Engineer: 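Sending over a structure as structure tokens; questions will come in a sec.
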Protein chains: 2
Amino acid sequence: MTARKQRLNPRKQPIQNRSKVTVDAILLAATQVFEAHGYAAGTTNRIASQAGVSIGTLYQYFPSKEAIAVALLERHITDTDHRLHEWVGHMVVERHGLCEALHDYVAGMLEIHTRQPRLQHILLEETPLPERVHQALLEAEQNAAKTVAGLIRLYPEVRSSCLEHTCFVIFQTVESLTHRYAAHPDDQFIPRTTFVDEVVKMLMAYLTCDMPSMAG
Amino acid sequence: MTARKQRLNPRKQPIQNRSKVTVDAILLAATQVFEAHGYAAGTTNRIASQAGVSIGTLYQYFPSKEAIAVALLERHITDTDHRLHEWVGHMVVERHGLCEALHDYVAGMLEIHTRQPRLQHILLEETPLPERVHQALLEAEQNAAKTVAGLIRLYPEVRSSCLEHTCFVIFQTVESLTHRYAAHPDDQFIPRTTFVDEVVKMLMAYLTCDMPSMAG
DNA sequence: ACATAAAGTGAGCATTTACTCATAATTGGT
DNA sequence: ACCAATTATGAGTAAATGCTCACTTTATGT
């Protein structure tokens, strides 16, 4: 609750191996505590306790509660980016058809969002983040959209009057649908594989069917 | 912060007109304060102050901070439901084509989500809500999906091997895409009308193009 | 005019939280 | 064995928050 984020840098950098282990334990504990209690109720004291270190130790390596959340989020951004590039590399090497490529894409994104759905939700939606983190997220997202566009461009069967618009919609669709599906495990009255198949069907139709332009 | 939600019912029901005005003022102030500060930092004292009533008055009509959020959310659910039925009625009377119908649907949903995007985001994502509210939301959502399915069924050009699955995907797509578009005003590097048109195009393609079944 | 119910007040309490700091323990190099 | 740097400790602090309650003011019916 308090808003005294005076310190911006940690007091110590982990130098010895001992302290690196401590930092990892804190981050692991933070994921567990945030997942169990949410951001607001996930207190730093609880995180320290769960990590098996004292509250003082926690504040040696993280200048604020917010810094912990930012660290977790940065890790997630890196993971996602890595995964996406892995997927593109795979597609280019294997020369899969558009349909399989989309299937891999959707399934992969769904898996990423399913890994720690609650944590991601908490970090992305519940946590009040500084502006620079929001911008980093936006940037990462735009890069991802471009990466997707770069791959889709390779398929000649794609018919689109404006590939940029189309790819924006594709990316947003996959992102928001998989996020939503993973975040609300209760809503899922259609099974996962069916869901992926249907989404792929929709994307295929959108990409390959020539629709007449809209009427006013 | 405190977790002493002992009282479940308000101490008073608004009887005279005077108190009804007060309750409205509190709810209005709550939307403003939540939009400006988020849920956690949107303190009850601030809400009361913004409403021009004392903190004591607030607690006469709302037993807890949570109750205020629930009241706002219930209002939103009602609004959305009303809007959806209005749309269906309009479509049935006017006998619009599928394309126009979808266009109206997407545009309408986008407008609903644009009305108070930040407030909705706060209520739905930041606010820790009791289980019964989550269930009410789920129920409302499923009803909405059924309503949409009921309308789509009327159009003979719709080709679908399983209308239930298709409508689930349609509904989730429109819901999550419009929500996302409205919630992140920065991401919008394609204009609103283009966005609506593209989404409609995608839905049309999905609904009317016959796609071969997926390969393993 | 009067009585009773309804509506409104706001200082303050109990609790919680993020964070500090003086001190102690551990480590590694010599 | 010794010392300085690194790492760890946890009781304590100041600030903030949700909420209560004893009390005052206003409206209504007769």
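Please read these numbers as outputs of a predicted model, since none were measured by experiment. Letters A, B, ... mirror the listed sequences (proteins, then strands); counts begin at 1. Values reported hereafter were calculated over all heavy atoms of this structure, with side chains retained and with hydrogens, waters and symmetry mates removed.
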Engineer: Do the side-chain N or O atoms of Thr57(A) get closer than 4.0 angstrom to the phosphate oxygens (OP1, OP2) of dT7(D)?
Structural biologist: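 So the side-chain polar atoms of Thr57(A) never come under 4.0 Å of the phosphate oxygens OP1 or OP2 of dT7(D).
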Engineer: Ignoring backbone atoms, test whether Ser19(B) places a side-chain nitrogen or oxygen under 4.0 Å from the OP1 or OP2 oxygen of dA6(C).
Structural biologist: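 Answer no for this pair, as no side-chain N or O of Ser19(B) is under 4.0 Å from OP1 or OP2.
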Engineer: Just to be sure I understand the rule, does Tyr61(A) reach a base, reach only the sugar-phosphate, or reach nothing, if contact means heavy atoms closer than 4.0 Å?
Structural biologist: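 Since only primed, P, OP1 and OP2 atoms lie under 4.0 Å of Tyr61(A), the category is sugar-phosphate.
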Engineer: Roughly, in whole Å, what's the span from CZ in Phe34(A) to P in dT17(C)?
Structural biologist: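 Result: 13 Å.
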Engineer: Closest-nucleotide mapping onto DNA chain C: is Gly56(B) or Gln16(B) further toward the 5' terminus? I mean the 5' end.
Structural biologist: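 Taking each residue's closest nucleotide, the earlier one in sequence belongs to Gln16(B).
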Engineer: Over all strands shown, is Arg46(B) touching base, sugar-phosphate only, or nothing at heavy-atom distances under 4.0 angstrom?
Structural biologist: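 Nothing: the residue Arg46(B), judged by heavy atoms under 4.0 Å, touches no strand.
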Engineer: Quick one: on DNA chain D, does Thr44(B) or Leu58(A) contact a more 5' nucleotide (nearest heavy atom)?
Structural biologist: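 Whichever sits nearer the 5' end wins; that is Leu58(A).
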Engineer: Parallel under 30°, tilted from 30 to 60°, perpendicular over 60°: which one fits the rings of Phe195(A) and Tyr181(A)?
Structural biologist: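 Plane angle under 30°, so parallel.
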Engineer: Please give, in whole Å, the distance from dT9(C) P to Gln60(B) CD?
Structural biologist: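 My rounded result for the distance is 10 Å.
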Engineer: Nearest of dA27(D), dG10(C), dT6(D) to any side-chain atom of Ser54(B)?
Structural biologist: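 Looking only at side-chain atoms, Ser54(B) lies closest to dG10(C).
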Engineer: For Lys20(B) and dA6(C), what is the distance between atoms NZ and C1' respectively, to the nearest whole Å?
Structural biologist: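 Distance, rounded to whole Å: 13 Å.
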Engineer: Over 60° means perpendicular and under 30° means parallel, so classify the ring planes of Trp87(A) and Tyr105(A), tilted if in between.
Structural biologist: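 Rings of Tyr105(A) and Trp87(A): parallel, under 30°.
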Engineer: Thr43(B) side chain: which of dT17(D), dA8(D), dT20(C) is closest?
Structural biologist: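 Of dT17(D), dA8(D), dT20(C), dT17(D) is nearest to the side chain of Thr43(B).
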Engineer: Identify whether any heavy atom of Ile55(B) sits under 4.0 Å from a base atom; if not, whether one sits that close to sugar-phosphate; answer base, sugar-phosphate or nothing.
Structural biologist: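 Base, at least one base atom sits under 4.0 Å.
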Engineer: Figure out the NZ/P separation between Lys65(A) and dT20(C), and round it to whole Å.
Structural biologist: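 Computing the Lys65(A):NZ to dT20(C):P distance gives 15 Å.
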Engineer: Could you tell me the separation between the CG atom of Leu8(B) and the C1' atom of dC19(D), rounded to a whole number of Å?
Structural biologist: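 Distance, rounded to whole Å: 14 Å.
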Engineer: Got a donor-acceptor contact below 3.5 angstrom from the Ser54(A) side chain to the Gly56(A) backbone?
Structural biologist: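 Yes.
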Engineer: Using atom OH of Tyr59(A) as one end and atom C1' of dA8(D) as the other, report the distance to the nearest whole Å.
Structural biologist: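 Rounded to whole Å, this separation is 16 Å.
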Engineer: Which is more 5' along DNA chain C, the nucleotide nearest Asn45(B) or the one nearest Asn17(B)? Just name the residue.
Structural biologist: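 Closer to the 5' end of DNA chain C: Asn17(B).
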Engineer: Do Lys12(B) and dA7(C) share a donor-acceptor pair, side chain to base, under 3.5 Å?
Structural biologist: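 Such a pair exists between side chain and base.
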Engineer: From CZ of Arg18(A) over to P of dA5(D), roughly how many Å is that when rounded to an integer?
Structural biologist: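 Rounding to the nearest Å, CZ of Arg18(A) and P of dA5(D) are 15 Å apart.
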Engineer: Indicate yes or no: does Arg180(B) engage Glu125(B) in a salt bridge with an N to O separation below 4.0 Å.
Structural biologist: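 A salt bridge is absent here (no side-chain N lies under 4.0 Å from a carboxylate O).
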Engineer: Just do the side-chain hydrogen bond (donor to acceptor under 3.5 Å, both in side chains) check on Glu126(A) and Tyr39(B) with the steps written out, would you?
Structural biologist: CA-CA 9 Å; Glu126(A) 284 183 21; Tyr39(B) 183 75; over 6 Å; no
Engineer: Check every atom of dA18(C), dC21(D), dT6(D) against the side chain of Arg11(B) and return the nucleotide holding the closest atom.
Structural biologist: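 Within the option list, the nearest is dC21(D).
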Engineer: Has Ser64(A) got a side-chain N or O lying under 4.0 Å from the OP1 or OP2 atom of dA18(C)?
Structural biologist: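 So the side chain of Ser64(A) is outside the cut-off, no N or O lying under 4.0 Å from OP1 or OP2 of dA18(C).
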Engineer: May I have the list of side-chain donor-acceptor pairs in residues 23-35 of chain B shorter than 3.5 Å, sequence neighbours left out?
Structural biologist:
residue, atom, partner, partner atom, Å
Thr31(B), OG1, Leu28(B), O, 2.6
Gln32(B), OE1, Gln50(B), NE2, 2.5

Engineer: Send over the distance from Phe62(A) CZ to dA8(D) C1', rounded to a whole Å.
Structural biologist: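 Those two atoms, CZ and C1', are 15 Å apart.
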